[in-house]
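Here the structure is laid out as structure tokens; the discussion comes afterwards.
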Amino acid sequence: MEPGLTLRQLWRRGQHGWPAAFPVVQFPNGPLLVAFGGWLVAVLTDGSAHAYARATFYTGLAAWAWLELADGTNWFRRALGAGGLVYVVMKVGVALGA
């Protein structure tokens, strides 16, 4: 890590992804961090807190998937977003009894 790098510069550097020519892996963006937080709370709780945390997880995951599908840097990232949306739709459908 270079001396003098700010948190904002580190965040931007992490958002570029790896490898640079065809980004497959990158530091999670905001919606994905929200989804991870919801998942963690859902694992640690039960009752209504668990239900709200699961809803937060699926909402964050759907937002992330939509952003990847619409603005992904390459075909792999867009396919990952499409897969994420399909997953969310299927899980919500099961939860609604479809």
By the rule that ILVMFWY residues connect when side-chain heavy atoms come within less than 4.5 angstrom, directly or transitively, which residues belong alongside [X]?
X   : result
L69 : W66, L85
M90 : V86
Y52 : none

task: Look up atom OG1 in T56 and atom CG in L40, then write down how far apart they are to the nearest 0.5 Å.
output: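 Atom-to-atom, T56:OG1 and L40:CG are 12.0 Å apart.
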Single-linkage hydrophobic cluster [X]~[Y], side-chain heavy atoms < 4.5 angstrom:
X   : Y   : result
W75 : L80 : yes
V43 : F57 : yes
W39 : F36 : yes
V34 : V41 : no

- request: Identify the two heavy atoms, one from G84 and one from A65, that lie closest to each other, and give their separation to 0.1 Å.
  value: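 Of all heavy-atom pairs spanning G84 and A65, the closest is C-CB, 3.8 Å.
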task: Identify the heavy atoms of G60 and A35 that sit nearest to each other, and give their distance.
output: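 Scanning both residues, the minimum pair turns out to be C-CB, 3.8 Å.
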- request: Decide side chain to side chain contact (heavy atoms under 4.5 Å, CB included) for Y58 and Y87; before the verdict, give the C-alpha distance in whole Å, the side-chain angles of both, and the deciding distance to 0.1 Å.
  value: CA-CA 9 Å; Y58 288 122; Y87 173 78; 4.0 Å; yes
query: How would you list, by chain and number, every residue that makes a salt bridge (Lys or Arg N to Asp or Glu O under 4.0 Å) with R54, sequence neighbours excluded?
result: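 Listed in chain order: nothing, the list is empty.
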query: salt bridge (charged side-chain N to carboxylate O under 4.0 Å, His left out): which pairs involve residues 55-84, sequence neighbours left out?
result: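 Every pair satisfying salt bridge (charged side-chain N to carboxylate O under 4.0 Å, His left out) with a residue in residues 55-84: E68-R77.
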Tabulate below the donor-acceptor pairs under 3.5 Å that side-chain atoms of residues 19-29 make, not counting sequence neighbours, or state none.
unit_1	atom_1	unit_2	atom_2	d
Q26	NE2	Q15	OE1	3.3
N29	OD1	L32	N	3.3

